[in-house]
Amino acid sequence: RAMIPSRKTRKVRIGSLEIGGDAPIAVQSMAATRTQDRAATRRQLELLQAAGADVIRVAIDSPKDAEALAEITDGIDVPLSVDLQENYRLAELVGPLVDKLRYIPGHLLHHEKQKSVEDKVRWIAETARAHGCAIRIGVNAGSIAPEYKERFGDDDVAALVQCAVDHCALLDRFDFSDYVVSLKDSDPKHVGDVNTRFADARPDVPLHLGVTEAGIPPEGVIKTR
């Protein structure tokens with residue numbers, strides 16, 4: 001049986017957790033609840049912590065979600081991650097509450113359209129740094145920024161890889177190194193291809209592996225295993 005070759009990335013700290021380098025593979029799961037349903041979300045946080053999750057992702061789509069999160073995390077020792085989704089400015093509300101912020105490059109165009117993507121990423125990096133948060137650059141096949149679609153056409157894999165490489169370069173320019181990258185597609189074969197190609201381009205960057213829009217069981221279970 002062939003051994004998986006080791007990949008020596010740099011280490012990134014997410015709260016009390018180290019990933020990358022010689023650290024063990026960490027497993028992230030998420031609370032599949034409306035965060036403002038405090039009881040349900042708290043219950044899922046407790047269950048995931050008891051199950052041994054290394055990182056837990058929570059959905060934050062509004063200031064009210066951030067308010068709810070602040071009220072339900074007492075006693076939760078697992079590092080928390082949030083997706084900034086459409087409004088990257090939520091980072092200033094959730095930064096003090098969590099350990100990792102995930103932004104989607106293609107979504108940065110949807111808010112404050114007069115500002116450049118570079119300025120928005122700089123602000124995210126500064127906010128993450130101020131609160132000791134790591135960053136995940138989340139590049140998804142379903143939300144590729146238009147300039148990459150125009151440049152690469154139907155070659156989504158090349159578009160995803162170049163987008164991720166460009167955003168890594170931005171964070172590097174802003175002297176922010178505590179970041180990881182995810183490159184996701186609904187097709188597991190594409191996921192393997194895009195991550196392999198990115199790893200060749202940036203072997204130093206830790207990867208968050210997963211499938212986007214996996215779907216419901218049984219197909220969704222098969223895709224994510």
Side-chain angles (χ1 to χ4, degrees), residues 9-20 26 28 30 35 55-70 73 79-148 159-184 198 201-202 204-210 212:
T9 70
R10 54 185 166 72
K11 283 189 176 181
V12 170
R13 179 167 291 279
I14 303 171
S16 60
L17 176 71
E18 279 191 333
I19 62 172
Q28 176 175 305
M30 67 177 293
T35 304
V55 184
I56 302 175
R57 189 182 113 192
V58 182
I60 298 292
D61 296 315
S62 69
K64 288 187 177 181
D65 285 337
E67 291 174 9
L69 183 63
T73 55
L80 297 178
S81 173
V82 299
D83 288 353
L84 297 178
Q85 296 295 354
E86 305 290 335
N87 186 354
Y88 75 97
R89 285 285 182 179
L90 289 172
E92 61 189 349
L93 297 180
V94 297
L97 308 175
V98 302
D99 304 290
K100 184 171 70 167
L101 305 171
R102 178 244 201 169
Y103 78 89
I104 300 173
H107 285 182
L108 291 177
L109 304 172
H110 300 164
H111 188 72
E112 295 183 342
K113 296 182 180 181
Q114 77 280 7
K115 290 189 177 181
S116 68
V117 168
E118 180 175 341
D119 284 345
K120 293 173 181 178
V121 174
R122 180 186 290 109
W123 185 88
I124 293 171
E126 291 172 351
T127 304
R129 191 185 342 260
H131 297 295
C133 293
I135 288 176
R136 170 158 65 107
I137 304 169
V139 187
N140 287 347
S143 55
I144 300 174
E147 63 265 32
Y148 294 98
L160 291 171
V161 171
Q162 190 60 55
C163 180
V165 167
D166 289 349
H167 277 261
C168 289
L170 282 177
L171 291 179
D172 292 341
R173 189 186 312 164
F174 304 143
D175 196 28
F176 189 95
S177 59
D178 274 336
Y179 68 85
V180 304
V181 166
S182 64
L183 302 106
K184 296 186 179 183
F198 174 80
R202 288 296 305 258
D204 59 309
V205 178
L207 288 170
H208 169 114
L209 296 175
T212 189

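A quick note: this is a predicted structure, and the numbers were derived from the prediction, not measured.
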### Any residue meeting salt bridge (Lys or Arg N to Asp or Glu O under 4.0 Å) with Glu18, in chain and number order, not counting sequence neighbours
Lys11, Arg13
### Task
Have a look at Arg136 and tell me which of Asp83, Val12, Leu84, Ile104 forms a side chain to side chain contact (heavy atoms under 4.5 Å, CB included) with it.
Asp83
### Query
Residues two or more places apart in sequence or in another chain: which of them pass side chain to side chain donor-acceptor pair (under 3.5 Å) with His107?
none
## Note on the structure
Taken to the nearest 0.5 Å, the spacing of Leu160 CG from Asn140 CG works out to 8.0 Å
### Query
If you take all heavy atoms of Leu101 and Cys133, which pair is closest and at what distance?
CG-CB, 4.2 Å
### Query
Rounded to the nearest 0.5 Å, how far does CG of Leu17 lie from CG of Asp99?
9.0 Å
### Query
If you round to the nearest 0.5 Å, how far is CD1 of Ile124 from CG of Leu170?
10.5 Å
### Task
Decide yes or no for Ser81 and Ile14: does some side-chain heavy atom of the first lie under 4.5 Å from some side-chain heavy atom of the second?
no
### Task
Could you note down all residue pairs passing side-chain hydrogen bond (donor to acceptor under 3.5 Å, both in side chains) where residues 124-135 supplies at least one of them, sequence neighbours left out?
none
### Query
When rounded to the nearest 0.5 angstrom, what distance separates CG in Leu108 from CD in Glu86?
10.0 Å
### Query
If we only count heavy atoms from C-beta on, is the Val205 to Phe198 side-chain gap below 4.5 Å?
yes
### With sequence neighbours excluded, residues passing side chain to side chain donor-acceptor pair (under 3.5 Å) with Gln85
none
### Task
Kindly assign one of parallel, tilted or perpendicular to the pair Tyr103 and His167, based on the angle between their ring planes and the thresholds 30° and 60°.
tilted
### Task
Determine whether Tyr148 and Val161 make a side-chain contact, defined as any pair of heavy atoms from C-beta on separated by less than 4.5 Å.
no
### Query
Between atom CG of Leu93 and atom NZ of Lys64, what is the distance when rounded to the nearest 0.5 Å?
13.5 Å
#### Entry: Arg10 side chain vs Ser177 backbone, donor-acceptor pair below 3.5 Å
yes
### side chain to side chain donor-acceptor pair (under 3.5 Å) involving Asp119 - partner list, sequence neighbours excluded
Ser116, Arg122
### Message
Within this structure, what is the CG-CG distance for the pair Leu207 and Leu183, rounded to the nearest 0.5 Å?
### Response
7.0 Å
### Query
Which pairs pass salt bridge (Lys or Arg N to Asp or Glu O under 4.0 Å) with one or both residues in residues 105-115, sequence neighbours excluded?
Arg89-Glu112, Glu112-Lys115
### Query
Can you check whether Cys168 reaches Ile137 side chain to side chain, under 4.5 Å on heavy atoms?
yes
